[in-house]
Amino acid sequence: MRLVPFWDYLIVEREKLTSSSVIIPEDSAKLHAKNEGVVTAVGDHCDSSVKALIGKKVIFKQHSGNWMKHDDEDFFPIHQDDILVVVQK
């Protein structure tokens with residue numbers, strides 16, 4: 001099922017904090033996840049510059065968005081104004 005963000009929100013796929021030698025509980029991994037991720041979807045009312053970010057890595061404000069779960073998949077919607085930086089390679 002494809003999720004479409006409402007209004008001027010976007011969905012970011014975040015990397016969870018992991019370690020090769022330590023098992024981190026899922027809730028703790030979410031709490032300490034980096035404030036960066038890849039934009040996977042944008043709402044219809046997002047600015048055109050934000051719509052161009054699909055598939056790109058961004059850094060966003062530390063306390064923005066909320067982890068949500070749908071069909072056993074985690075997703076992270078944030079407001080377009082919470083994006084601070086686009087990571088370019």
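- Under the 4.5 Å side-chain contact rule for hydrophobic residues, L3 and M68 share a cluster.
- A distance of 8.5 Å separates CG of L10 from CG of D82, quoted to the nearest 0.5 Å.
- Distance check, rounded to the nearest 0.5 Å: SG of C46 to CD1 of I83 gives 7.5 Å.
- Side-chain contact check for F75 versus E13: every heavy-atom pair is 4.5 Å or farther apart.
- Partners of K51 under the salt bridge (Lys or Arg N to Asp or Glu O under 4.0 Å) rule, at least two apart in sequence or in another chain, do not exist in this structure.
- Counting only heavy atoms from C-beta outward, the side chains of V58 and V85 never approach each other to under 4.5 Å.
- We find that R14 and E36 are not joined by a salt bridge, their nearest charged nitrogen and carboxylate oxygen being 4.0 Å or further apart.
- Under the 6.0 Å cut-off for aromatic ring centres, F76 and Y9 do not qualify, their centroids lying 6.0 Å or more apart.
- For the residue pair D74 and K69, the shortest heavy atom distance occurs at OD1-NZ, 3.4 Å.
- Atom NZ of K61 and atom NE2 of H79 lie 9.5 Å apart (nearest 0.5 Å).
- A single hydrophobic cluster is not seen to contain both F60 and V38; linkage of ILVMFWY side chains at heavy-atom distances under 4.5 Å, directly or through other members, places them apart.
- In this structure, V86 is a member of the same hydrophobic cluster as V42, with clusters built from ILVMFWY side-chain heavy atoms closer than 4.5 Å.
- The hydrophobic cluster containing V39 does not contain L84, counting ILVMFWY residues as joined when their side-chain heavy atoms lie under 4.5 angstrom apart, directly or transitively.
- Taken from CD in Q80 to CG in D8, the straight-line distance is 4.5 Å, to the nearest 0.5 Å.
- For the atom pair T40 OG1 and L53 CG, the distance stands at 12.0 Å (nearest 0.5 Å).
- Residue V50 is not grouped with residue V87 when hydrophobic side chains (ILVMFWY) are merged at heavy-atom distances under 4.5 angstrom, including chains of intermediate members.
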